[in-house]
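No hydrogens, no waters, no symmetry mates; every other heavy atom, side chains included, goes into these values.
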There are 2 protein chains.
Amino acid sequence: MKLDNQTLLNELYGEHPQHYVAVDCVIFGYRDGELKLLLYPRSFEPAKGNWSLLGGFIQKDESSDQAAERILKRTTGLDQIYMEQVAAFTQPDREPSARVISIAYFALIRLDDHDEEIVHQYGADWFSFGDKPELIFDHEEIITQALAKLQQKAGYQLVGPELLPDLFTITQLRGLYEAIFQRTLDPGNFRKKVLSLGVLKRHNKKDSTESKKGAFYYSYEEKPDSQEKELNRIIKI
Amino acid sequence: MKLDNQTLLNELYGEHPQHYVAVDCVIFGYRDGELKLLLYPRSFEPAKGNWSLLGGFIQKDESSDQAAERILKRTTGLDQIYMEQVAAFTQPDREPSARVISIAYFALIRLDDHDEEIVHQYGADWFSFGDKPELIFDHEEIITQALAKLQQKAGYQLVGPELLPDLFTITQLRGLYEAIFQRTLDPGNFRKKVLSLGVLKRHNKKDSTESKKGAFYYSYEEKPDSQEKELNRIIKI
DNA sequence: GCAAAAGTGTTATCTGTACACCCATGA
DNA sequence: TCATGGGTGTACAGATAACACTTTTGC
């Protein structure tokens, strides 16, 4: 107990309670036409061993963004991951044994990039979105809201580069969008739509693993003036 | 200091710090064609007397939703107000003298409903959105994000009933939307769009204060099957 | 040759937008 | 009667969605 520090604070806000504040990360990945979710067996009580989102507590001098980055880095070995805040979850009884306020994030990571070693060292595993185990506390609800946020983001700008390799085909990109929006999309119309955004650059190499004809690889091209075009809707929700 | 309680918690999460967690409410109103904002002179140190959002600390057994409701009720006398979480603001130095995590909300209230007495008793005042004073801490940024959230909501469903009287004209509704989106909207097109949603009910009474011809009053009609239609976009952001 | 994905083209329909135009009425 | 906002109609541009069709190549 840091009583000295506590005393200082009491002069200002001392009559108010303090709370544990955690971050919980919904980590999305994509492989084989399916949206994946990284889940962990909880390593400490309560609910030790049950499947859970990746989480941790906010420390004294870090923001929730920093805490989420720190936790993600520690457990997956990756940094500079795309992350976005989802919402704060604050029901007093959302954890049974202590009151913990949770600030939820979603993160998008490339499945092939990331360090399998570190992930497995924590007993973590990737689950298909449609086939996930029962989760502790309100983590199911957190995931639902995280997916809604991801759909919203993906509806306004391409989420290719965060979840796919540097080079990808339009069909792979469509597969990703079908996974995110949980419905099929017309191949021709999708192709025209994403190419019209003007942010994809075609390469001369072809991918021949998924079709006999072979499909051109594309990469995401960072254009400083491409912002405006991106505001057009890609998928109408 | 509730040391006994503290000790219990320490068995689980004791090594982690705790934080003050506040809610800050961006309270929107609408009058005379302008979006309004309810601001308070801060009643306690630090920054006492400076203009600020309405805020307060989350107590032991309440959620942030409940805290926001409690604070709003205490200061405006109103309950059952539409409120929505905006985001958590967590920069460690966002307040200069102590670390306070803030969960921001926006609230929509009808300016004519609310109890002027209670509001003024706290020295609070309504400011036009375009003409607000300098605010403490990061409250400017909170307001920016709150407006973005409001625009998003208003783009997908009518925000008439929360901000306007029970009976309103289409022109008044358009004025509200013009204030929210900070741009002019075509009168004819706006009328057709909102009426096509099928959620407005025309009354036989007319309002004659704003035009010579007089305009029909409408009210919001709660239809159980109107959900689907509401998902159509009202304003393209 | 055939199947299967890649890629292009065509068309009907819907939506957004600009704007013309009549209506009702208080000043 | 005329200015003003209320309210309706029209017409064009662009986006959406369904789907036909052609290309390429491994089997």
Atom-pair distance ([atom1] on [X]; [atom2] on [N]), nearest Å:
X: A:Gln172; N: C:dA6; atom1: CD; atom2: P; answer: 9 Å
X: A:Leu195; N: C:dT8; atom1: CG; atom2: C1'; answer: 12 Å
X: A:Asp207; N: D:dT25; atom1: CG; atom2: C1'; answer: 14 Å
X: B:Arg183; N: C:dA18; atom1: CZ; atom2: P; answer: 9 Å
X: A:Lys193; N: D:dG14; atom1: NZ; atom2: P; answer: 14 Å
X: B:Leu173; N: D:dG7; atom1: CG; atom2: P; answer: 13 Å
X: A:Phe181; N: D:dT16; atom1: CZ; atom2: P; answer: 13 Å
X: B:Tyr217; N: D:dG7; atom1: OH; atom2: C1'; answer: 17 Å

Output side-chain donor-acceptor pairs under 3.5 Å for residues 125-132 of chain B, partner residues at least two apart or in another chain, one line each.
residue, atom, partner, partner atom, Å
B:Trp126, NE1, B:His114, NE2, 3.4
B:Ser128, OG, B:Glu34, OE1, 2.7
B:Ser128, OG, B:Lys36, NZ, 3.1
B:Lys132, NZ, B:Phe129, O, 3.4
B:Lys132, NZ, B:Glu140, OE2, 3.4

Would you indicate which nucleotide in [options] comes nearest to any side-chain atom of [X]?
X: A:Asn189; options: C:dA18, D:dT16, D:dA17; answer: D:dA17
X: B:Arg191; options: D:dT8, D:dC19, C:dA18; answer: D:dT8
X: B:Ser211; options: C:dG7, D:dG6, D:dC19; answer: D:dG6

Can you tell me how the ring of B:Phe137 sits relative to the ring of B:His139, calling it parallel under 30°, perpendicular over 60° and tilted otherwise? perpendicular

For the side chain of B:Tyr177 and the backbone of B:Val159, is there at least one donor-acceptor N/O pair under 3.5 Å apart? yes

Backbone N/O of B:Asp138 and side chain of B:Glu141: donor-acceptor pair under 3.5 Å: no

Would B:Lys153 count as a cation-pi partner of B:Tyr82, with NZ or CZ less than 6.0 Å from the six-membered ring centre and within 45° of the ring normal? yes

Side chains of A:Arg183 and A:Glu178, heavy atoms from C-beta outward: is any pair under 4.5 Å? no

5'-most contact on DNA chain D (nearest-nucleotide basis), B:Asp186 vs B:Arg174, goes to B:Arg174

Identify, between A:Gly214 and A:Gly188, the residue whose nearest nucleotide on DNA chain D lies closer to the 5' end. A:Gly188

Steps toward side chain to side chain donor-acceptor pair (under 3.5 Å) verdict (B:Thr75, B:Tyr40): CA-CA 10 Å; B:Thr75 322; B:Tyr40 290 75; 4.7 Å; no

Which part of the nucleic acid, if any, lies within reach of B:Thr171 when heavy atoms closer than 4.0 Å are counted: base, sugar-phosphate only, or nothing? sugar-phosphate

Report each atom pair, protein N/O against N/O of nucleotides 22-24 of chain C, whose distance is under 3.5 angstrom.
residue, atom, partner, partner atom, Å
C:dC23, O2, B:Lys213, NZ, 3.2

What I want to check is whether an N or O donor and acceptor connect the side chain of B:Lys192 with the base of C:dG16 at under 3.5 Å. no

